[in-house]
Amino acid sequence: MRWLVLYARSRQVPASLAAVVVSAAAVWGLARDGGAGQGDPRPAVLVLAAGAMAVSIGFSGQDLALDRTAAIGWAPRRAAHVLLAGAFVCAVLLTLQTMGHDLATTAFIARDSAGLAGLAALGAALSDGRYAWALPFAWLAFAFFAPPPTSVPTQVAAWMLLPAGTAAATWTAVGLAIVGVTAYAIAGPRT
């Protein structure tokens, strides 16, 4: 087998990708039939957060000691893994939207996908790949119940639900993506 296939299998990529597709289709179907209005960002955010949580499970390998002592450089592979995972989650939702029911704009989906992937990577670097989902889940839960975003701190707290042109939301997502990917690429999952 080639190293890419081995890497994907050791990181549970096939199961993660299947979970992303199934969760996205389920939320999309419910939003299509449910009462979510055209301007309601919550279904799109739910799809993206569920996708980020599903792919974050693979941010640690089967044996962390092997990852730390391998002769190959893991930093570029880890960074590529996070970036590709975020791009896949984004692509799944954009593909579903081509079937007729728009949940959000492309800029909104790309921003939230990048921010949530970075948040999941930061969760892996701070805890472990098995618990990397906790950080996106906690921020999502807080954003759903946060007070109305009237000031910059509340806009940062609710960044995933704000429209695509909001500066505080964009900078929060970009910052989370950069910090998360960098921390995970350099440090890897915490043991």
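Just so you know, these numbers use all the heavy atoms, side chains as well, and skip hydrogens, waters and symmetry mates.
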Visitor: Please answer whether the main-chain N or O of Gly86 pairs with a side-chain N or O of Ser113 as donor and acceptor at a distance below 3.5 Å.
Guide: yes
Visitor: So do Leu162 and Pro149 actually touch side chain to side chain, heavy atoms under 4.5 Å?
Guide: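 Yes - at least one pair of side-chain heavy atoms lies under 4.5 Å apart.
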Visitor: Looking at Ser56 and Ala120, what are the two nearest heavy atoms and their distance?
Guide: CB-CB, 3.7 Å
Visitor: Please indicate whether Phe137 has more than 12 foreign heavy atoms, meaning atoms of other residues, nucleotides or ligands, lying under 6.0 Å from its CZ.
Guide: no
Visitor: Parallel, tilted or perpendicular, judged at 30° and 60°: which one describes the rings of Tyr184 and Phe59?
Guide: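 Rings of Tyr184 and Phe59: tilted, as their planes differ by 30° to 60°.
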Visitor: Give the minimum heavy-atom separation between Ser127 and Ala132, together with the two atoms involved.
Guide: OG-N, 4.2 Å
Visitor: One pair to check against side-chain contact (heavy atoms from CB on, under 4.5 Å): Ile57 and Arg130. What are the steps and the verdict?
Guide: CA-CA 5 Å; Ile57 300 299; Arg130 294 175 295 178; 5.9 Å; no
Visitor: Treating Ile, Leu, Val, Met, Phe, Trp and Tyr as nodes and any side-chain heavy-atom pair under 4.5 angstrom as an edge, say whether Leu122 and Trp171 lie in one connected cluster.
Guide: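 Cluster IDs for Leu122 and Trp171 differ.
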Visitor: Evaluate whether atom CZ of Phe144 has more than 12 neighbouring non-hydrogen atoms of other residues, nucleotides or ligands under 6.0 angstrom away.
Guide: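 Yes - once you tally the heavy atoms of other residues, nucleotides and ligands closer than 6.0 Å, there are more than 12.
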Visitor: Report yes or no: do Leu96 and Val21 belong to one cluster of Ile/Leu/Val/Met/Phe/Trp/Tyr joined by side chain heavy-atom distances under 4.5 Å?
Guide: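 Cluster IDs for Leu96 and Val21 match.
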Visitor: Quick one: do Tyr131 and Leu126 satisfy side-chain contact (heavy atoms from CB on, under 4.5 Å)? Show the steps, please.
Guide: CA-CA 9 Å; Tyr131 306 112; Leu126 294 176; over 6 Å; no
Visitor: Specify the closest pair of heavy atoms between Ala187 and Arg78, including all atoms of both residues, with the distance to one decimal.
Guide: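 Heavy atoms of Ala187 and Arg78 come nearest at C-NH1, 4.2 Å.
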Visitor: Roughly how far, to the nearest 0.5 Å, is CG of Leu119 from CE of Met160?
Guide: 6.0 Å
Visitor: Give the intermediate values and the outcome of side-chain contact (heavy atoms from CB on, under 4.5 Å) for residues Leu94 and Gln97.
Guide: CA-CA 5 Å; Leu94 289 174; Gln97 286 197 154; 4.1 Å; yes
Visitor: Is it true that, when you exclude Trp133 itself, more than 12 heavy atoms of the residues, nucleotides or ligands shown sit nearer than 6.0 Å to its CH2?
Guide: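 For Trp133, atom CH2 is not crowded (no more than 12 foreign heavy atoms under 6.0 Å).
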Visitor: Taking side chain as C-beta onward, heavy atoms only, is Phe108 less than 4.5 Å from Pro41?
Guide: yes
Visitor: Any idea which heavy atoms bring His81 and Gly58 closest together, and the distance?
Guide: CE1-O, 3.2 Å
Visitor: What are the two closest non-hydrogen atoms of Ile109 and Ala104, and how far apart are they?
Guide: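 Here Ile109 and Ala104 meet closest at CD1-O, 3.8 Å.
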Visitor: Would the distance check show the side chain of Thr98 and the main-chain N or O of Thr95 forming a donor-acceptor pair, the cut-off being under 3.5 Å?
Guide: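 It does hold such a pair.
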Visitor: Hey, what do you get for CG (Leu116) to CZ (Arg111), rounding to the nearest 0.5 Å?
Guide: 9.5 Å
Visitor: Ignoring hydrogens, what is the shortest heavy-atom contact between Ala164 and Thr170? Give both atom names and the distance.
Guide: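 So the two residues come closest at O-OG1, 3.5 Å.
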Visitor: Does Thr154 use its side chain to pair, donor to acceptor, with the backbone of Thr150 at less than 3.5 Å?
Guide: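 Such a contact is found between Thr154 side chain and Thr150 backbone.
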